[in-house]
There are 2 protein chains.
Amino acid sequence: MANMAYDTPEMDAGARLKAARLRPTRQRLELARLLFREHDRHVTAESLAEEGARMGVKVSLATVYNTLHQFKAAGLLRQVVVDASRTYFDTNVGDHQHFFVENEGLLIDIPGEEISVSGVPNPPQGLTIDSVDVVVRVKRN
Amino acid sequence: MANMAYDTPEMDAGARLKAARLRPTRQRLELARLLFREHDRHVTAESLAEEGARMGVKVSLATVYNTLHQFKAAGLLRQVVVDASRTYFDTNVGDHQHFFVENEGLLIDIPGEEISVSGVPNPPQGLTIDSVDVVVRVKRN
DNA sequence: ACGCAAATTGGAACAATTCTAATCTATGAG
DNA sequence: CTCATAGATTAGAATTGTTCCAATTTGCGT
Ligand SMILES: [Mn+2]
Ligand SMILES: [Mn+2]
Ligand SMILES: [Zn+2]
Ligand SMILES: [Zn+2]
């Protein structure tokens, strides 16, 4: 077997779950296949559930929520906060930022190398930086 | 009368509403007084409603929501998206960014002069930049 | 195969927000 | 001033996204 990165898009769903120490249940396998079929997907619980339904995957909405949170906890997904009423999950866990198309609820990646934030002051005493998130809000002309 | 900026914190609630072309109702006046009493406040509808209740201001929650949105539309407040389950409003409408203390739901201002974002690529065709928002997520040690 | 911890599920519960339709009020025309 | 009316407020219902719950099912080590 060729040398392979720990977590690659071409890694199959089973291996992914194993690496994350999550039981490879039918639901998790099928959701992982949907999620990691392509790169850089941005989904909400609802959108993923719908996609599952369309693809004939039988999973309850509760399980979609559970799975997204478990994948996030396992580092397979990251959560992106751009909208006060919906939670987005991102299959791209690397360093990058986002354009957010307000009226469409669409997220577009900005590679981490392109963008940079400088001059972030030290946080107040007793606080440690977790992440620096940039959201470029854009509107369709 | 001394020369005065268009929208200053020391401006009284009535003048503020007049400048924003909003009828100076009792509720709007009282909420404006609470909001602009100090600089740089970050409130949620719930927190402002509670504060009102504490201060003996009689306003319904529906009106708090209406008022926050109207103030925002009038440019008196800006909305800050940092949490997927709550909407924050900011009395500081100038250029600045935020620390967000995750578990406490607390927002802390970062002056706009200190922080700077560079390398934002041009948005995809047909999209125009609305704002560039930086959220530095921090955790209590 | 069995037993059991872990996972799934439908539906109830929740929390934040918006909506509705009835009532009240600021305002400006007369 | 008085009044008519457009605009504002309100209680409570409705909606939405998400979490919780208790019952059932399933993956997996023995
Ligand atoms: Mn502020
Ligand atoms: Mn919600
Ligand atoms: Zn992304
Ligand atoms: Zn602020």
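Numbered from 1 within each chain, the chains take letters A, B, ... in sequence-line order.
- When rounded to the nearest whole Å, the span between CG of N66(A) and P of dT19(D) equals 9 Å.
- What separates CG of L29(B) from C1' of dA8(D) is a distance of 13 Å, to the nearest Å.
- Taking atom CG on D83(B) and atom P on dG17(D), their separation rounds to 16 Å, with Å as the unit.
- Summarising the local packing, CG of N122(A) is surrounded by 12 or fewer heavy atoms from other residues, nucleotides or ligands at distances under 6.0 Å.
- We find that CZ of R28(B) is positioned 19 Å from P of dC24(C), with the value rounded to whole Å.
- Closest approach to the T63(A) side chain among dT18(D), dT8(C), dT17(C) is made by dT8(C) (side chain taken as heavy atoms from C-beta onward).
- If you check every strand for non-hydrogen atoms under 4.0 Å, T25(B) touches sugar and phosphate atoms only.
- Rounded to an integer number of Å, the gap from L31(A) CG to dA7(C) P is 14 Å.
- Listed nucleotides dT17(C), dT27(C), dT18(D) differ in distance to Y65(B); the shortest reach to its side chain belongs to dT17(C).
- Residue Q70(A) places none of its side-chain N or O atoms closer than 4.0 Å to OP1 or OP2 of dA6(C).
- Among the heavy atoms of the strands, none lies under 4.0 Å from T44(A).
- Checked for salt-bridge contact, E104(A) and K139(A) miss the test: no charged N lies under 4.0 Å from a carboxylate O.
- Rounded to whole Å, the distance from CD on E46(A) to P on dT16(D) is 10 Å.
- For the residue pair N92(A) / H42(A), no side-chain donor-acceptor distance below 3.5 Å is found, with atom types taken as modelled.
- The shortest distance between the side-chain N/O atoms of H69(B) and the OP1/OP2 oxygens of dT18(C) is below 4.0 Å.
- Side-chain contact annotation: R137(B) with H98(B), donor-acceptor N/O pair under 3.5 Å absent.
- With distances taken from any side-chain atom of R26(A) to the nucleotides dT9(C), dG17(D), dT18(C), the minimum falls on dT9(C).
- With rounding to whole Å, L68(A) atom CG is found 10 Å from dT18(D) atom P.
- Looking at R26(A), its side chain does come within 3.5 Å of a backbone N or O of K58(A) through a donor-acceptor pair.
- For R23(A), no side-chain nitrogen or oxygen approaches OP1 or OP2 of dA6(C) to under 4.0 Å.
- Atom CZ of R86(A) and atom C1' of dG17(D) are 9 Å apart (whole Å).
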